Structures are given as C-alpha cells and as structure tokens.
Number of protein chains: 2
Amino acid sequence: MITVVLVDDHPVVRRGLRALLEELPELEPVGEAADGAEALRLLEQFAADGRPRPDVVLMDLQMGAGMNGVEATRRITALPDPPAVLILTTYSTDADILSAVEAGATGYLLKDAPPEELASAIRSAAKGDTVLAPPVAARLLGRSRPGRPVLSPRELEILELLAEGLPNRQISKRLFISEATVKTHLVHIYEKLRVDSRTSAIAAGMQTGLIRAR
Amino acid sequence: MITVVLVDDHPVVRRGLRALLEELPELEPVGEAADGAEALRLLEQFAADGRPRPDVVLMDLQMGAGMNGVEATRRITALPDPPAVLILTTYSTDADILSAVEAGATGYLLKDAPPEELASAIRSAAKGDTVLAPPVAARLLGRSRPGRPVLSPRELEILELLAEGLPNRQISKRLFISEATVKTHLVHIYEKLRVDSRTSAIAAGMQTGLIRAR
DNA sequence: TTCCGAATCAATCGAAAGGTTGATGCCCGA
DNA sequence: TCGGGCATCAACCTTTCGATTGATTCGGAA
C-alpha cells in the first residue's frame with residue numbers, strides 16, 4: 001500500500017486526484033494540502049501522531065499566494081527520511097523543471113497525463129525511481145549535452161530581467177556588471193534564440209518555455 | 001436535477017469535477033469531453049439518442065491542441081435550445097473573459113473556486129443567470145466605464161504585436177498605418193500602463209492580464 | 001454646438017539598443 | 001597542452017526607440 005499526500009491549490013484537482021487514487025487498490029490518499037506550508041504542517045502532524053510518513057507527496061508547483069512547490073519540495077526532502085516528491089503541474093518551463101529537480105523532486109508529470117500514467121509514476125516514485133513525463137523528458141533531452149543548457153545560466157538570468165522590462169543599464173546594475181557585458185550576453189541570447197531584438201527574445205523565450213510570463 | 005457536461009483536457013480535473021458533482025443531490029454529470037470538438041459531438045449524440053440536452057456545460061478555455069473553449073462556446077450557444085455554458089478555467093486575461101462572454105458563455109469561474117461556489121454557479125447558470133468569479137467581476141468592474149477598456153482596441157492590438165516581438169516599422173506595416181502613428185499609440189500605452197519602454201509595457205500587460213504569453 | 005477620446009500623421013532630437021570588432025581570463029574536457 | 005564555452009569588458013557606429021510638440025478628422029455624449 002503506497003500512501004500519498006496531495007498538494008494543489010485547486011480543490012477540483014485535489015478531488016480528482018483523490019478519486020483516482022481511491023480507485024486503485026495499492027494507492028491510498030492519506031492527506032491533502034492547498035499549498036506548500038500546509039503540506040509541511042501535515043507531514044509534521046504525521047510525525048507528531050506517530051503515524052508512518054507518507055510514501056509520496058504529489059506536488060503542484062504554482063500555489064497562488066501560498067508557498068510554492070519548489071520551496072516545499074526543498075523543505076520536504078530535507079526532512080529526515082522524507083517521502084518522495086512527485087511534481088504534477090500544468091505548465092513547465094526549463095527553469096521550473098530544473099528548480100524542481102534541484103529541490104529534490106523524484107519526478108515531474110504534467111496534469112494532462114492519463115490516470116494510468118499517473119498511477120505508474122506514483123509507484124515508481126515510491127520506489128525512488130525518477131519519472132519524467134514524456135514531453136518533459138523530450139524537453140530535457142533536447143538540450144545538446146547534459147549540463148549544457150541552450151542558454152547559459154547567466155544568459156537565462158539576463159533574459160528573465162529583460163522580460164521584467166529592465167533596460168540594459170538597469171540589468172547591468174542589478175548584476176554588478178558593465179553594460180557592455182549585458183550587451184554581449186544579449187548578442188549571444190539573440191543568436192541562440194534566432195531573434196534580433198529584446199522583445200522578440202522575450203517572445204521566443206516564453207514560447208520555448210525558457211522563461212515564464214512576468 | 002441539473003444535468004452537466006464536463007469539458008476539460010485534464011483527466012484529473014474531469015475526475016475531480018465528476019466526483020464533486022456526484023456528491024451533490026441536484027447535480028448530475030452526464031458526460032465528459034477533452035476538448036471543444038468532442039463536446040459538440042457529445043451534444044449531437046444526446047440529440048441523436050433523443051435524450052434531453054444537458055442543462056449546463058462546464059467548459060475550460062485552454063484545451064491543448066484541441067478546439068478551445070471560446071470557439072466551442074460559440075458553437076454550442078448557436079445550437080437550437082442550447083445548454084448554458086459556464087467557463088471554468090485557471091487563468092484569465094481580459095481578452096479571455098470578453099471573448100468567452102461574447103461567445104455566449106453564461107458565467108466565468110476560476111478553478112480555485114471552492115466546491116460550494118462551483119455548485120452555486122452551476123445552479124445559477126442552469127437558471128440562465130450570469131455568474132462571475134469575484135476576482136473576475138472585480139477585474140471587469142475595475143474598468144472605468146462600461147465599454148471603456150483601459151486600453152483602446154487599437155492600443156491593445158499594438159500591445160499584442162509588441163509582445164510578439166515586432167519592431168515599430170513592422171507593426172506599422174502589419175496595421176497599414178505610419179510608424180509615427182505606432183509611436184503615438186505607444187506613448188498612450190506607456191502612459192496608461194505607467195511604464196516607459198516596450199519591454200516594461202509587455203511585462204505590465206501580462207501582469208495585468210491585458211495580454212497573454214506569446 | 002462643444003468637448004473629449006480615439007485614430008491618424010509629421011518633424012526633431014536625444015537616448016537606448018543593436019551590430020561589429022576586438023580583447024582577456026578561467027575552467028573543463030579531450 | 002589546446003580548444004571551446006563562458007563571463008567579462010571596451011570602443012565605435014548605425015538603427016531604433018522614446019519624448020516632445022503640433023496638427024487634423026471623426027464620432028459620440030452632454
């Protein structure tokens with residue numbers, strides 16, 4: 001019997017997940033939370049009650065105003081003998097995936113996954129196996145080399161500031177570098193995204209999932 | 001007994017909605033569809049089987065690659081004696097809300113709505129009453145006058161092209177106006193959004209829901 | 001009739017962005 | 001060691017953008 005905690009800010013989604021899991025003989029939903037903080041309190045409650053910790057936490061990334069899924073994942077996986085954390089979310093950017101993986105998530109699924117795939121992923125996660133939704137895996141494999149993102153970390157940082165609407169001067173001040181350096185990074189960003197202006201870089205960055213809407 | 005059809009590309013969401021409705025004595029889920037086209041076929045099937053048409057269609061807006069909720073709403077409400085269409089979606093831009101309303105939707109809810117609110121909205125929609133989620137109503141009332149959007153239609157048009165990454169010259173060609181006119185509109189857009197550059201206008205436009213990510 | 005907002009257009013000038021060329025240093029893998 | 005990627009920086013020039021000022025026309029409401 002695999003015990004699962006459900007964390008999602010949408011009541012409908014939690015209800016659907018609970019219903020799906022209740023139909024599967026080896027999976028048991030044992031709790032729900034609407035954001036990361038509530039999930040942490042729930043896990044603490046398990047410990048306080050002397051109950052065995054759940055095997056898997058099914059975690060959304062976006063939680064409205066509450067603690068988001070990456071932060072919650074980081075804290076949960078830092079607990080002694082933590083449950084596996086399986087991310088289940090609607091939308092993914094490269095940054096989302098990397099953040100979740102770095103935070104210790106054992107898997108990453110998109111919400112359009114059919115129930116069988118979800119069940120299979122939960123079983124794998126409970127065993128400690130890594131699970132990536134096929135589109136997510138394809139996204140990550142589309143990178144030329146492991147550890148070699150399409151944009152460098154610095155380039156991505158600058159693209160995000162660009163999408164916040166900052167001019168080059170302000171970006172340079174934010175990052176403590178010269179404006180010439182910002183421009184050089186932009187040249188590289190434009191090459192890699194095959195664009196020729198900041199606005200088209202923002203558009204392409206969003207389209208490819210490198211950055212998300214500000 | 002209010003009969004409801006559920007249209008959402010996420011199996012989990014459909015399952016959650018079905019479970020919630022099954023718990024309510026006067027609401028009965030009578031069908032599901034994963035996109036707009038399937039919803040239409042389902043309604044045709046009701047007619048072909050001589051079954052009474054459903055009272056309410058609960059419709060998501062974004063359907064992955066399938067027919068989206070606005071188009072489906074338009075077609076459903078064009079049917080003879082159509083069901084009420086209640087939009088239930090994650091995210092809303094002003095354009096989304098207006099499009100859905102223009103397409104004939106009777107209501108607009110966000111997915112974080114608690115189950116009681118959802119049930120109440122379905123009952124209202126079945127009676128033909130208009131239902132707006134509080135944040136959505138607040139958004140629409142935040143407009144200074146009915147019929148007076150924060151940005152004029154032309155300004156919004158230009159902001160959308162800006163977010164696609166087009167330079168002024170290309171925007172002018174796209175809209176068959178002079179570049180000077182584009183610049184004038186931009187001046188007005190920057191004033192209204194209280195920004196001073198195209199990139200910050202894009203960021204503010206997305207933040208306020210005027211435009212969506214490209 | 002008057003006023004206001006929207007749409008359109010022009011010209012000028014300064015600022016910002018983009019393009020180009022060139023350079024250095026560091027790290028890592030072959 | 002060498003080469004490549006990354007990060008940093010500079011200078012110069014061209015293009016685009018933003019700010020400003022000014023104007024006209026049209027439609028709708030008061």
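Quantities reported herein were computed from a predicted structural model and do not represent experimental measurements. Residue numbers start from 1 in every chain, and the chains themselves are labelled A, B, ... in the order their sequence lines are given, proteins ahead of strands.
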**OP:** Using a 4.0 Å heavy-atom cut-off across all strands, classify S178(A) as base, sugar-phosphate, or nothing.
**Re:** sugar-phosphate

Please report, rounded to the nearest Å, how far the [atom2] atom of [N] is from the [atom1] atom of [X].
X       : N       : atom1 : atom2 : result
I171(B) : dA7(C)  : CD1   : P     : 15 Å
L186(A) : dT8(D)  : CG    : P     : 13 Å
I177(A) : dA7(D)  : CD1   : P     : 10 Å
E179(B) : dT12(C) : CD    : C1'   : 14 Å
I189(B) : dC17(D) : CD1   : C1'   : 14 Å
F176(B) : dC9(C)  : CZ    : P     : 12 Å
E191(A) : dT21(C) : CD    : C1'   : 13 Å
H188(B) : dA19(D) : NE2   : P     : 12 Å

Of T184(A) and L166(A), the one whose closest nucleotide on DNA chain C sits nearer the 5' end is L166(A)

Residue pair E155(B)/K183(B) against DNA chain C: nearer the 5' end by closest nucleotide is E155(B)

Kindly compute the distance separating [atom1] ([X]) from [atom2] ([Y]), expressed to the nearest 0.5 Å.
X       : Y       : atom1 : atom2 : answer
M59(A)  : N68(A)  : CE    : CG    : 9.0 Å
E117(A) : L110(A) : CD    : CG    : 8.5 Å
R194(B) : I189(B) : CZ    : CD1   : 15.0 Å
E164(B) : R174(B) : CD    : CZ    : 5.5 Å

Steps toward salt bridge (charged side-chain N to carboxylate O under 4.0 Å, His left out) verdict (E71(B), R75(B))
CA-CA 6 Å; E71(B) 179 62 24; R75(B) 294 188 183 192; 2.8 Å; yes

Using only side-chain N and O atoms of [X], determine if any of them is under 4.0 Å from OP1 or OP2 of [N].
X       : N       : result
S152(B) : dA7(C)  : yes
N168(B) : dT16(D) : no
T181(B) : dA7(C)  : no
K192(B) : dG5(C)  : no
R154(A) : dG5(D)  : no
H185(A) : dC6(D)  : no

Query raised in the report: Is the backbone of L151(B) close enough, under 3.5 Å, to the side chain of E155(B) for a donor and an acceptor to pair up by distance?
Result: no

- Query: Can you check whether D55(B)'s main-chain N or O pairs, donor with acceptor, with T3(B)'s side chain at less than 3.5 Å?
  - Reply: yes

Residues of residues 193-202 of chain B with a heavy atom under 4.0 Å from any atom of DNA chain D, listed by number, are D196(B), S197(B), R198(B)

One would report the end-axis bend of the helix from dT1(C)-dA30(D) to dA30(C)-dT1(D), five pairs per end and rounded to 10 degrees, as 40°

Practice item. State plainly whether the residues E44(B) and R41(B) are in salt-bridge range, i.e. N to O under 4.0 Å. Key: no

Can you tell if the side chain of V7(B) reaches within under 4.5 Å of the side chain of V5(B), non-hydrogen atoms only?
-> yes

Partner of N168(A) under side-chain hydrogen bond (donor to acceptor under 3.5 Å, both in side chains), picked from E179(A), R198(A), K183(A), is R198(A)

